[in-house]
Each structure stands twice: as C-alpha cells, then as structure tokens.
*Asks:* 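My questions all concern the structure below.
Worth knowing before you read on, the calculation uses all heavy atoms, side chains too, and leaves out hydrogens, waters and symmetry mates. Throughout, a chain's letter reflects where its sequence line sits, starting with A, and its residues are numbered from 1.
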There are 2 protein chains.
Amino acid sequence: MASGSVRTAVRPDKAAAEEVPGFRPLYRQVYEVLVRRIAEGVWKPGDALPSEPEIAADLGVSHGTVRKALDELAAENLVLRRQGRGTYVASHDDARILFQFFKIVADTGEHRFPESRILSVDIVDADSDAVQRLAVRAGARMVRLDRVRSVGEKLCIFERILLPKVMFPGIEKRALPNNLYELYRSVFGVTIVRTTEKLKAVGATRSVAKHLDVAAGTPLLQVDRVAFGIDGKAAEWRVSLCLTDTTHYLSDLR
Amino acid sequence: MASGSVRTAVRPDKAAAEEVPGFRPLYRQVYEVLVRRIAEGVWKPGDALPSEPEIAADLGVSHGTVRKALDELAAENLVLRRQGRGTYVASHDDARILFQFFKIVADTGEHRFPESRILSVDIVDADSDAVQRLAVRAGARMVRLDRVRSVGEKLCIFERILLPKVMFPGIEKRALPNNLYELYRSVFGVTIVRTTEKLKAVGATRSVAKHLDVAAGTPLLQVDRVAFGIDGKAAEWRVSLCLTDTTHYLSDLR
DNA sequence: ATTCTTATGTCTTATAGAAGACTACGGCAA
DNA sequence: TTGCCGTAGTCTTCTATAAGACATAAGAAT
C-alpha cells in the first residue's frame, strides 16, 4: 500500500527543486493520493472517508492541508462533505448523474430521466472514429448499443453507444438499465466523472427518422459525447440524436 | 464608502444568531465586499488589487480569511492571481471571452473569434419573451441588433441581440466591434461574468436562410443565451442560429 | 549582464471554538 | 418490564486566526 508519509517526496531542497520542474504543492499531492485511492476502490462510492485528522495523521501532514485537498475533491464532485457526519465518496446516483451529465431539459424547465428501449446490442471492431475518440487500438473489440429514449409517451432521443469490450466484460449479455453510468460503476468499477460533448444540428436520416417517428430531414440536435473515468481514460462514446421541439440542451457558463 | 471593518456585522452572539437566518461566514462577507468594489469600479479590470495583508488590515480580518475570499473569486474567474506579482481583476479580454463564453469551435479544433457584419440596429419595446428573460418591465425600451458572423469567408451565424436601453445608453449610435462584451465593459461598465444557454436544433426560416446563404429548412443550432453582469442582473439576450456543418458547440462537463 | 534586495503572493502548520449529527444512558410513564 | 423521550457526551466538519518558510518577480546595485 502506498500509505504513510507523502512528505518524503515533497519540497526537495532548493538545489534539487530546480531540477524537478514537475513540482506540486503538498496539498496537491495529498489530493492525488486520495484520488488514486478512490480510483483503486480503497474507498468505494458511498463509503465514508476517514476523518480529516485521521487522514492527516496517516499521510503525515497537517489537518489543514488535508482540508484543502478535500476542498478540491469536493469542488470536482468527487466527494460529498456533510458537516457533522463525514466525507463520502460521491455516489453518482441517478439524481447526481441527471444534473451533472444529462443536460436535456423540457422547455417547461422539468428535468427527468428518460425511459430507454434497447434496439440492438452487437460486438463490432473499432473503426477509425472510435480509435480517435476512445484511444483504443484499431480493430479492438467493442460493444455497440442502439436504443431509443422517451419522456413519458414522447419519443425524443435515438442513441448509439460504443464501449471497449475489455473494460466492460460480459456487458452484452446483461439486462441494461436506464442509467448506464450507474451500471458501469456498480458492476464494472468504472466511475464516470467527466465528459466532453460536441453539439451539432443535423437532419434526421431515414432510419433515425423512422425510429423517432418523424419525417426524414427533421432538425435534430446531435450530441457526440466521450465519457471519462476517474483514471482519466475514455470509457464510452455516445452519439445522441435529440428531438428538440419541446426540449432543449441547457448549458450554464461561468 | 463602505470601507473599514466588516467585522461588526458578523457572528452575532448565539441568542441573536437564531433570529438572523441570513448569517454568512466572515470570509463570505469579505468576498461580497470585494465583489461589490469590483462591480462599483473601485478596482477596474486589469488593475491590481491591494496586497492580501493590506486588504486584511483594511477590513479588519486576518490574512487567511482574505485568502479564502480570494480563492473563491479566483475560482469564479473574477480575479487572476500571479505569484510574486499580485492579484488582478480579470481583464475579460478577447481570449478570455473566447474561451469562457464562445463555445462554437471548428471541427478541426480551431477556436477563432468570428467576424461580424451588422445588419440592423433598432429601438423596440420589450415583448413578453424579453420581459421573461431579461427581467425588464413590459414595454421597456430595448436596443435590437441583428448581425451575421463568419469565420474567414464562410458565413456561419445569424444573431439577434436584445439589450435594455437604459443599461447601454447611446449604444445604438456607436460603431459596434466584433467583441461586444468588451464594449459593454469598457464603455458601459457592464462586465459579463455568467451566461445560461438553451440549445435546440431548428430548421432555417426563409429569411435566416437568405442571410446565411443556405436552403430554407437547413438544420441550424439555435443558441438562446442570457448574459448576466457582475451584479447578477440580466444584461443581454441573444439568439444565435449557427450553421454546424463544419463547426460544433463544445461542452465540457465535470 | 549578473547578482542582490525587497515586496508580494503561496504553502504549510498549529490552535481554538462553533455547529451539526449520532449514540448512550437514565428517568419516566404505561 | 417495556417503550419513549430528553440530555449529555463525543465525533465530525466548518470557520477563523496567526505565524513562519518559501517562491517569484521587479528593480536596484554591482
């Protein structure tokens, strides 16, 4: 275990420091130790972390330094702090995922998880697009998943999802729930913490139009998303085609 | 001036505290004082703030408390800290605005400020949509601005912008630059720090299609944005219709 | 041009008290 | 006895203060 004082590696004396450009402040190193432990599953989502003084003693740094590291973790939604109770590894439950990653909102402001219906599950080889987005090697075995999603009765999203088979062994044989990220975490130990999305407006192709029950050429919002795990590796590539006549994609910039 | 010790108003004794639900920690109050001073122009964008110990002495709190307040300011991009030099009010220059608020990116990854050509400038009365988004009263005088934008030779955005006339007196008589937010700040003292955007896919209307030189019905990405100033007041409503055949809207979620 | 000084922000540690939340225990009533 | 309630104690995070070591940059002195 990489436990014990993190201090030994820190703040080399001045002469040495000049030769080590990759110098990070102590609280940053503590941050990294904690992230690694969470990624390795030492503490699992939902678990309480040890108390701040405990972590401090464990790593041989002061309470305040641990606090600053935890501040960063909390700011990135990796942990959840509750005064008087403790600090918990973010559970990434439905509500959390809904607000953090699911940006499609009804024009009325209502924010609901849409139902899903699986259309097909296939094993395919990675093409060049997949290689580029997921950083897998060409021809790697992938699981491809097509589904349509609806809010209430209304069909609104056609979605194609691509996963590296090696990260999700046997997922093609499973029953697939509505909230895939929760499945990734609980069964395969892959916690999604970050995504990048590219949005375009496109016309519905004939086949997509049929799935969504609209005319070919209907304008659709195309969301091309790559999702990354806690270790920074790309884990999922998903292209969603959304009908936005009664919904929109909400983006707050600060 | 509301200078001097902020301390008097803080942490009333326990009995009183129960009657004061709007209690905020000291560092938060310091934060608010600093925001107000920046908003009032005591320190202008680009200016250096006083040193941390100076602010601490000025407000009668400890250095660490000021630091914590500045941490928040920095996290919200309101100030820029440079070790060994000082803390500066964020300049919100072109590059900053480009990265913070302009999310349309070429598919190649290139990120450029598009050129603008003004189509019309009008004075109009606020309709119900404007009232709802900008929180002005019905019938308030507004400045409406239509323009098309292009990257290089390629037309890509049609934009309609609505401003409360009272916040931007005389703007309708001015030469309008490419980067409006910079104009808002330098001439009218309105610094945009936050926006919310609603994205939809729509078909080009006949008139928009003509401006963008495409066929009517072409799928366009509609970005409906409200921009807020440092005081939290809505300052601009902008609807952009973007051709996304060679560009996309980039959204990073964490 | 190089080195030194000084000013300033950054990082770390330490201490102390406030506030929220859970647990254990004891008294009281049914 | 059994069940309920309130209180005290303890653990946790949160807020505030203070002080010193260190890093960085600007300008002065060499």
*Asks:* Could you check whether Glu52(A) gets within reach of a base, just the sugar-phosphate, or nothing at all, counting any heavy atom under 4.0 Å?
*Replies:* sugar-phosphate

*Asks:* Output the rounded distance in Å from OH (Tyr88(B)) to C1' (dG9(C)).
*Replies:* 11 Å

*Asks:* With DNA chain C as reference, determine whether Tyr27(A) or Arg82(A) sits nearer its 5' end, using the nearest nucleotide of each.
*Replies:* Tyr27(A)

*Asks:* Can you measure Gln83(A) atom CD to dG20(C) atom C1' for me and round it to whole angstrom units?
*Replies:* 5 Å

*Asks:* Between Leu80(B) (CG) and dT8(C) (C1'), how many Å, whole number?
*Replies:* 15 Å

*Asks:* Within a strict 4.5 Å, meaning less than it, do heavy atoms of the Asp107(A) and Lys200(B) side chains meet?
*Replies:* yes

*Asks:* In plain terms, say whether Lys103(A) and Glu197(B) are close enough for a salt bridge, that is, a side-chain N and a carboxylate O under 4.0 Å apart.
*Replies:* no

*Asks:* Going by heavy atoms closer than 4.0 Å, what residues in residues 62-71 of chain A are next to DNA chain C?
*Replies:* Ser62(A), Thr65(A)

*Asks:* Measure CZ/Arg85(A) against C1'/dT13(D) and give the value in whole Å, please.
*Replies:* 12 Å

*Asks:* To the nearest Å, give me how far apart OH (Tyr31(B)) and P (dT15(D)) are.
*Replies:* 15 Å

*Asks:* Less than 4.0 Å between a side-chain N and a carboxylate O, is that true for Glu159(A) and Arg225(A)?
*Replies:* no

*Asks:* Rounded off to whole Å, could you give me the CD-to-P distance for the Glu54(A) and dT12(D) pair?
*Replies:* 6 Å

*Asks:* Please report, rounded to the nearest Å, how far the P atom of dA18(C) is from the CG atom of Leu26(B).
*Replies:* 15 Å

*Asks:* Between Thr191(B) and Arg185(B), does any side-chain donor sit less than 3.5 Å from a side-chain acceptor?
*Replies:* no

*Asks:* Take Arg28(A) and Glu72(A) through the salt bridge (Lys or Arg N to Asp or Glu O under 4.0 Å) test and state the conclusion after the steps.
*Replies:* CA-CA 9 Å; Arg28(A) 206 52 183 130; Glu72(A) 305 241 314; 3.3 Å; yes

*Asks:* Could you state the CD-P distance from Glu72(A) to dT10(C), rounded to the nearest angstrom?
*Replies:* 14 Å

*Asks:* Could you check which of dC11(C), dT15(D), dA21(C) has an atom nearest any side-chain atom of Pro25(B)?
*Replies:* dT15(D)

*Asks:* With a 4.0 Å limit, can you tell me whether Ser51(B) has a side-chain N or O closer than that to the phosphate oxygens OP1/OP2 of dT8(C)?
*Replies:* no

*Asks:* Which ring-ring contact (aromatic ring centres under 6.0 Å, His included) pairs, counting each pair once, include a residue from residues 180-199 of chain A, with sequence neighbours left out?
*Replies:* Phe101(A)-Tyr181(A), Phe168(A)-Tyr184(A), Phe168(A)-Phe188(A), Tyr181(A)-Tyr184(A)

*Asks:* Arg81(A) has a side chain; which of dT13(D), dA21(C), dT12(D) sits nearest to it?
*Replies:* dT13(D)

*Asks:* Respond yes when some side-chain nitrogen or oxygen of Thr87(A) is under 4.0 Å from OP1 or OP2 of dT12(D), and no when none is.
*Replies:* no

*Asks:* Could you list the residues that satisfy side chain to side chain contact (heavy atoms under 4.5 Å, CB included) with Ala56(A), not counting sequence neighbours?
*Replies:* Val66(A)

